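First comes the structure, then the notes that go with it.
If you're wondering where the values come from, they're calculated on a predicted model, not measured in any experiment.
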Amino acid sequence: MEETQPVPRVGVVLFVLKGKSVLLGRRRASIGESTFALPGGHLEFGESFEECGARELMEETGLEMGKADFLTVTNKVFLDKSKPCHYVIVFLRAVLADPNQVPQNPEPDKCDGWDWYDWDNLPQPLFSTLDEMVRSGFNPFPST
Ligand SMILES: Nc1nc2c([nH]c(=O)n2[C@H]2C[C@H](O)[C@@H](COP(=O)(O)OP(=O)(O)OP(=O)(O)O)O2)c(=O)[nH]1
Ligand SMILES: [Mg+2]
């Protein structure tokens, strides 16, 4: 039988902002195990980036997304795992529909839980892509 060739996949990942804080959760997943990462996941057939972001945020945190806009895109190959992965990741900046919503953890097998972290005092270790962005001086907050 012919082997299926690996292909790049598209992900949508959210910087959910509240004041000077960003929403992060410690991953329980093969890629980035035990690192702090942003909510997000795979783009499904027919979805807009915003629809995907809102769906993933609801599935992973129970939070309802408000306004979102495009920030940047990355193109990253993860070769350190037994199954190599290649992701084009679209990063959106988002706020909550209601800023008083409290994050839940409906997928405890995938994440230890979600919390708000001050951008100037981020937890360690960060997920590799996020770590690279922070080190390069990337800032998800709107310039005022
Ligand atoms: N969640 C998340 N994914 C990220 C980040 N940075 C980054 O490159 N990715 C890439 C690697 C992930 O394997 C890929 C897809 O996200 P994911 O691993 O959370 O996917 P998922 O299980 O939630 O997706 P799904 O199957 O539920 O659709 O996006 C990040 O900060 N958070
Ligand atoms: Mg995810």
Side-chain angles (χ1 to χ4, degrees), residues 4-81 83-144:
T4 315
Q5 290 295 314
V7 292
R9 300 188 72 187
V10 179
V12 175
V13 167
L14 298 176
F15 284 89
V16 184
L17 306 180
K18 189 160 95 167
K20 284 267 160 251
S21 299
V22 61
L23 186 68
L24 296 172
R26 202 192 268 264
R27 278 170 79 81
R28 288 279 159 249
S30 56
I31 305 180
E33 165 71 27
S34 292
T35 62
F36 287 89
L38 302 159
H42 300 96
L43 187 71
E44 292 185 356
F45 188 88
E47 275 185 328
S48 69
F49 298 141
E50 288 78 9
E51 285 166 347
C52 176
R55 176 182 54 73
E56 287 288 347
L57 185 67
M58 180 57 72
E59 285 175 7
E60 295 184 351
T61 71
L63 297 169
E64 190 184 341
M65 193 180 88
K67 189 180 175 302
D69 42 27
F70 174 78
L71 278 179
T72 189
V73 64
T74 61
N75 181 22
K76 190 163 160 72
V77 183
F78 297 86
L79 289 177
D80 51 327
K81 292 289 158 195
K83 186 170 164 250
C85 299
H86 180 174
Y87 280 106
V88 172
I89 303 288
V90 175
F91 288 86
L92 303 181
R93 164 173 59 216
V95 291
L96 296 181
D98 168 2
N100 295 318
Q101 293 173 90
V102 175
Q104 311 297 315
N105 191 23
E107 299 178 325
D109 52 323
K110 285 186 162 185
C111 178
D112 280 349
W114 299 94
D115 211 341
W116 301 99
Y117 293 90
D118 192 332
W119 182 254
D120 295 323
N121 190 19
L122 291 171
Q124 295 293 333
L126 291 174
F127 188 82
S128 58
T129 328
L130 179 59
D131 192 53
E132 285 161 23
M133 291 169 90
V134 171
R135 284 172 195 273
S136 75
F138 180 82
N139 185 325
F141 292 86
S143 47
T144 46

Query raised in the report: Hey, mind stepping through I31 and C85 against side-chain contact (heavy atoms from CB on, under 4.5 Å) and telling me if it holds?
Result: CA-CA 9 Å; I31 305 180; C85 299; 3.7 Å; yes
Query raised in the report: According to the interplanar angle, ranging from 0 to 90°, do the rings of W119 and F141 count as parallel (below 30°), tilted (30 to 60°) or perpendicular (above 60°)?
Result: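 It falls in the perpendicular class, over 60°.
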Query raised in the report: Any idea how F138 and F15 line up, ring-wise: parallel (<30°), tilted (30 to 60°), or perpendicular (>60°)?
Result: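 Answer is tilted, since the angle falls between 30° and 60°.
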Requested in this report: Applying side chain to side chain contact (heavy atoms under 4.5 Å, CB included) between L23 and each of L96, L63, L14, report the one that passes.
Outcome: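 Testing L23 for a side chain to side chain contact (heavy atoms under 4.5 Å, CB included) against L96, L63, L14 leaves exactly one candidate, L63.
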Do [X] and [Y] come close enough that some side-chain heavy atom pair is under 4.5 Å?
X    : Y    : answer
V22  : P140 : no
V134 : L122 : yes
S128 : K76  : yes
H42  : Y87  : yes
V16  : V95  : no
L24  : P39  : no
N105 : W114 : yes
T129 : F78  : yes

Requested in this report: Verify side-chain contact (heavy atoms from CB on, under 4.5 Å) between V90 and V13, making sure each step is shown before the conclusion.
Outcome: CA-CA 6 Å; V90 175; V13 167; over 6 Å; no
Heavy atoms only: give me the nearest [X]-[Y] pair and the separation to one decimal.
X    : Y   : answer
R27  : A37 : CD-CB, 3.4 Å
E64  : L57 : C-CD2, 4.4 Å
C111 : G25 : SG-CA, 3.8 Å

What distance separates [X] [atom1] from [Y] [atom2], expressed to the nearest 0.5 Å?
X   : Y    : atom1 : atom2 : value
S34 : R26  : OG    : CZ    : 6.0 Å
E56 : M65  : CD    : CE    : 11.5 Å
L43 : R9   : CG    : CZ    : 10.0 Å
N75 : I89  : CG    : CD1   : 9.5 Å
C52 : E44  : SG    : CD    : 7.0 Å
E60 : Q104 : CD    : CD    : 14.0 Å

Query raised in the report: Quick one: does S136's side chain have a donor or acceptor within less than 3.5 Å of a partner on M133's backbone?
Result: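 Such a contact is found between S136 side chain and M133 backbone.
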Query raised in the report: Between the main-chain N or O of D98 and the side-chain N or O of Q101, is there a donor-acceptor pair closer than 3.5 Å?
Result: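 Yes; judged by distance alone, with no hydrogens or angles, the pair exists.
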Query raised in the report: Can you check ring pair (Phe, Tyr, Trp, His ring centres under 6.0 Å) on Y117 and F36, steps first, answer last?
Result: CA-CA 10 Å; Y117 293 90; F36 287 89; 5.6 Å; yes
Query - Of all pairs that satisfy salt bridge (charged side-chain N to carboxylate O under 4.0 Å, His left out), the ones with a partner from residues 104-119, not counting sequence neighbours - result: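 Listed once each, the pairs are R28-D112.
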Report task. Would you mind checking if E47 and R55 are paired as a salt bridge, meaning a charged N to carboxylate O distance below 4.0 Å? Result ->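 Looking at E47 together with R55, the answer is yes, because their closest N to O distance falls below 4.0 Å.
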